[in-house]
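Read the numbers this way: they start at 1 and go in the same order the structure lists the ligands and their atoms.
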Amino acid sequence: MKILKFGGTSVGSAERIKGLLDIVRPHERQIIVLSAVAGTTNALVEISQAFTEGNNSRAAQLITSLRDRYHGLIAELFSTEEGLQNGKELIDYHFNLIASFSSDLFTPVEEKIILAQGELISTTLFHFHLTELGIRSKLLPALDFMKIDEDNEPKIDFIRDQLNELLLQAADHNLFITQGYICRNAFGDIDNLRRGGSDYTASLIGAAIDAEEIQIWTDIDGMHNNDPRVVSGTRPISNLSFDEAAELAYFGAKILHPQSVFPAQRYNVPVRLLNTMNPQAPGTLINKEGAAKGVVRSIAAKDGITAIRIHSSRMLLAYGFLRRVFEVFERYKTPIDMITTSEVAISLTIDDTKYLVDIERELTDFGSVEIDRNQTIVCVVGDFALDTHGYASRVLDALKHLPVRMISYGGSDYNISVLVDTEHKVEALRSLHNRLF
Ligand code: ADP
Ligand code: ASP
Ligand code: MG
């Protein structure tokens, strides 16, 4: 079985939704994972913000304009009275639900219910569209099988068991449709896999049922060798290893959700990145064998990073110091990305600043603490095994006109990372591109 995930732009209009049938093969067994229609999740985030801020009238305005957009979409999508009626009832059901909230008692639980509506709508619209064309499909409710634990980690055994059960119950179907992004958490409440999470859904499903292949259909012809949004002249990479793709996704290549490579890697399911607007393009194949020897593959950047430096003379010749520092981050469930140390100081980076105030307070027990926000990790991925040479100097040479805050090299065979102030990110990406490719 293949898993095909279509992102927001791939289902961004009635025309695009109809166009999916150029790619989806109704008679092959496939699970189709859909994102919300482009722009929907951003709009739902804004609606939730308005409720959180107590601004019910702004929320109502935003809801009306999103609802109108969907009425336009269904008018174009359906060609029969019955199809249109089904579409209208669907839109009414979901938008009445969204409009039933108010700023009173609006908590993260309500917010996550609102954020889930986009994927619930897009998948049902596609299912109704297929039904109108006489094509059989089965909706698999992600909220019945996609589950995360108290640490927000997916419960892969639960996902496997539930999904296999649902597939068994619908064994007479070939085409299955499910929602990306949404899930239930340890309390059984509606939750999500964070922004861009539909890629993660596809990878988790592929891993859980040992799929033949996971296809991520998006609006570009595969993983490029730099961020095409800020660097011109980037080109697609035909083959990447799981490790390389995981580094790029984790360090900011937006085409893949940061965690989405790990399940596929763990269960060795190949991932293909493909372009809905140009289905013939070869795209990028990510698999075990994908690495290329002795070359720089790609550059990515992750914004929103906070650097923390702890300076302590007690660190000198002491053992157990780093453990105590790391324990602070562990207590606040805050992952660390980059680390560099000297004899008397340690610098590290985090992107989740939810508990920064508490972390800072505890760290001051060890020494002085300096915090720099608005930092960006620029990550160069390639084959930097210990027997290669010259790469670090080329990276640093490309950045010699910029202030570099941290450098990380040697942690793995395929990553050189530097930390720069976000204001220098674009220049860093462009300069590295010119020097390395
Ligand atoms: P989808 O809605 O299909 O999930 P996304 O917007 O999440 O699509 O991801 C695709 C976008 O990722 C591309 O349009 C491109 O601008 C951006 N992107 C950033 N870095 C890269 C990269 N290295 N290679 C390809 N695309 C990238
Ligand atoms: N719709 C969600 C988002 O915009 C999930 C996704 O598109 O992958 O983040
Ligand atoms: Mg995405």
- Using a 4.0 angstrom limit on heavy atoms, which residues are close to ligand 1? K5, G7, G8, T218, D219, I220, G222, M223, H224, N226, D227, P228, R229, A253, K254, I255

For [X], the ligand 2 atoms whose distance to one of its heavy atoms is below 4.0 Å:
X	result
S35	6 (C), 7 (O), 8 (O)
T41	1 (N), 2 (C), 3 (C), 4 (O)
E119	1 (N), 2 (C), 5 (C)
R195	3 (C), 4 (O), 9 (O)

- Message: I'd like to know whether NZ of K18 has more than 12 heavy-atom contacts from other residues, nucleotides or ligands below 6.0 angstrom.
- Response: yes

- At a 4.0 Å cut-off, with the gap strictly under it, does some heavy atom of G197 reach an atom of ligand 2? yes

- Query: Can G196 be said to touch ligand 2, with heavy atoms closer than 4.0 Å?
  - Reply: yes

- Query: Among D303, D227, T376, which residue meets the side-chain hydrogen bond (donor to acceptor under 3.5 Å, both in side chains) test with K425?
  - Reply: D303

- Message: One thing to verify: whether E28 and K2 come together as a salt bridge, which I'm taking to mean a side-chain N less than 4.0 angstrom from a carboxylate O.
- Response: no

- Item | Aromatic ring proximity Y70/F95, centre distance under 6.0 Å | yes

- Task: For a side-chain contact (heavy atoms from CB on, under 4.5 Å) with I416, tell me which candidate from I299, V395, V296, L432 qualifies.
- Result: V395

- H224 and R235: side chain donor to acceptor below 3.5 Å: no

- Query: Sub-3.5 Å donor-acceptor pair from the side chain of N415 to the main-chain atoms of S417, do we have one?
  - Reply: yes

- What's the verdict on salt bridge (Lys or Arg N to Asp or Glu O under 4.0 Å) for D421 and R405, showing C-alpha distance, side-chain angles and the deciding distance? CA-CA 8 Å; D421 197 290; R405 171 83 164 71; over 6 Å; no

- Message: Any nitrogen or oxygen of Y181, side chain or backbone, less than 3.5 Å from one on ligand 2?
- Response: no

